[in-house]
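Following: one structure in structure tokens, then a few remarks.
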Amino acid sequence: DAEARRAGAVTASSAAVAAFGPAWIAATVVLALHVADEAAHDFLAWYNPQALRIRRALGNVVLFPPTFTFWTWLFGLVAAVVVLGCLTPFAYAGASWMRLPGYVLAVIHAANGLIHLVGSAIARRSLPGALTAPLLLVSGGWLGYAAAALP
């Protein structure tokens, strides 16, 4: 009986490891699609004025949120996608240290997706990036679930 439980644990553990890799790559691909969605719909034309309004409301004492030029913004996000892609072999191997990056990416995806959808509802129009926002929510949820199941 103990051997059967141990075999079941190994099977569950193996399934969790096998699920994390696809969830990681999906979240990475969705981020790349989201960056393309934002770039194609002139995200910075909407974002930069919002960031400046927030800074003014805070008394211009902080440089947060940051503003970006197109190429700096695009290069940073492409670099992030490349780094996430480079971590894919570790995700498929089920490396236990990947749990934290999995949680972080899942939370970022969920928050980003919600911001785009709620912002679109408030603005009563589709904001840049809103087309892929549901994909961010789904892939973030899947990644968070898969990260939680890692042994």
Side-chain angles (χ1 to χ4, degrees), residues 1-44 46-48 50-52 54-55 58 61-121 126-151:
D1 192 36
E3 223 175 283
R5 276 184 299 208
R6 192 174 24 245
V10 169
T11 303
S13 165
S14 299
V17 167
F20 187 73
W24 181 269
I25 197 73
T28 301
V29 169
V30 165
L31 178 59
L33 291 172
H34 185 66
V35 170
D37 178 16
E38 288 182 335
H41 294 99
D42 203 9
F43 173 73
L44 290 180
W46 175 84
Y47 170 82
N48 279 336
Q50 300 302 322
L52 291 172
I54 292 169
R55 281 193 206 171
L58 296 174
V61 293
V62 294
L63 295 176
F64 183 82
T67 56
F68 300 97
T69 63
F70 179 77
W71 291 110
T72 302
W73 169 80
L74 185 62
F75 177 77
L77 289 173
V78 167
V81 170
V82 168
V83 168
L84 294 174
C86 288
L87 293 174
T88 299
F90 299 104
Y92 272 92
S96 61
W97 61 268
M98 286 291 292
R99 178 181 285 118
L100 180 60
Y103 283 145
V104 170
L105 187 57
V107 168
I108 290 170
H109 272 33
N112 195 2
L114 284 172
I115 288 168
H116 281 283
L117 293 175
V118 170
S120 293
S126 181
L127 298 179
L131 293 176
T132 52
L135 296 175
L136 288 171
L137 292 174
V138 170
S139 66
W142 182 20
L143 184 59
Y145 180 79
L150 278 177

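The residues of the chain are indexed from 1 along the displayed sequence.
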**Q.** Taking every non-hydrogen atom, the tightest pair across Ala91 and Phe20
**A.** O-CD2, 3.4 Å
Q) Rounded to the nearest 0.5 Å, how far apart are CG of Asn48 and CZ of Phe43? A) 8.5 Å
Q) Say you draw a straight line from CG of Leu131 to OG of Ser126; how long is it, rounded to the nearest 0.5 Å? A) 5.0 Å
Q. With distance as the sole test, does Arg99 use its side chain to make a donor-acceptor pair with the main-chain N or O of Pro151 at under 3.5 Å?
A. yes
Q. Got a sec: does the CH2 of Trp97 have more than 12 other heavy atoms crowding it under 6.0 Å?
A. yes
Q.
Please evaluate residues Leu77 and Val81 with respect to the criterion side-chain contact (heavy atoms from CB on, under 4.5 Å), reporting the C-alpha separation (whole Å), side-chain torsions for both, the decisive distance (0.1 Å), and the verdict.
A. CA-CA 6 Å; Leu77 289 173; Val81 170; 5.7 Å; no
(Q) Could you report the tightest heavy-atom contact between Ala148 and Tyr103, atom names first, then the distance? (A) CA-OH, 3.1 Å
**Q.** Other residues, nucleotides, ligands: >12 heavy atoms within 6.0 Å of Tyr92 OH
**A.** yes
Q. Would you say Asn112's side chain and Leu136's backbone share a donor-acceptor pair under 3.5 angstrom?
A. no
Q: Might you point out which heavy atoms bring Ala27 and Leu105 nearest each other, and give the distance in Å?
A: CB-CD2, 3.9 Å
Q) Between Thr72 (side chain) and Thr69 (backbone), is there a donor-acceptor pair under 3.5 Å? A) no
(Q) When you measure from the side chain of Asp37 to the backbone of Thr132, do you find a donor-acceptor pair of N or O atoms at a distance under 3.5 Å? (A) yes
Q: Might you point out which heavy atoms bring Tyr47 and Pro65 nearest each other, and give the distance in Å?
A: OH-CB, 3.5 Å
Q: Mark yes when over 12 heavy atoms from residues, nucleotides or ligands other than Tyr145 sit less than 6.0 Å from its OH; otherwise mark no.
A: no
Q. Just by modelled atom types, is the Leu84 backbone N or O under 3.5 Å from a matching donor or acceptor in the Trp24 side chain?
A. yes
Q. Where do Trp73 and Glu38 come nearest, in terms of heavy atoms and distance?
A. CZ2-OE1, 3.2 Å
Q: Using a cut-off of 6.0 Å, state whether more than 12 heavy atoms not belonging to Phe70 lie near its atom CZ.
A: yes
Q | Centroid separation His116 to His34 less than 6.0 Å | A | yes
Q) Are the side chain of Ser120 and the backbone N or O of Ala130 linked by a donor-acceptor pair below 3.5 Å? A) no
Q: Check whether any side-chain heavy atom of Leu117 sits under 4.5 Å from a side-chain heavy atom of Leu137, and report yes or no.
A: yes
Q: Would you check if Leu31 and His109 make a side-chain contact, meaning some heavy-atom pair closer than 4.5 Å?
A: yes
Q | Ala51 to Thr67 - nearest heavy-atom pair and separation | A | CB-CG2, 3.9 Å
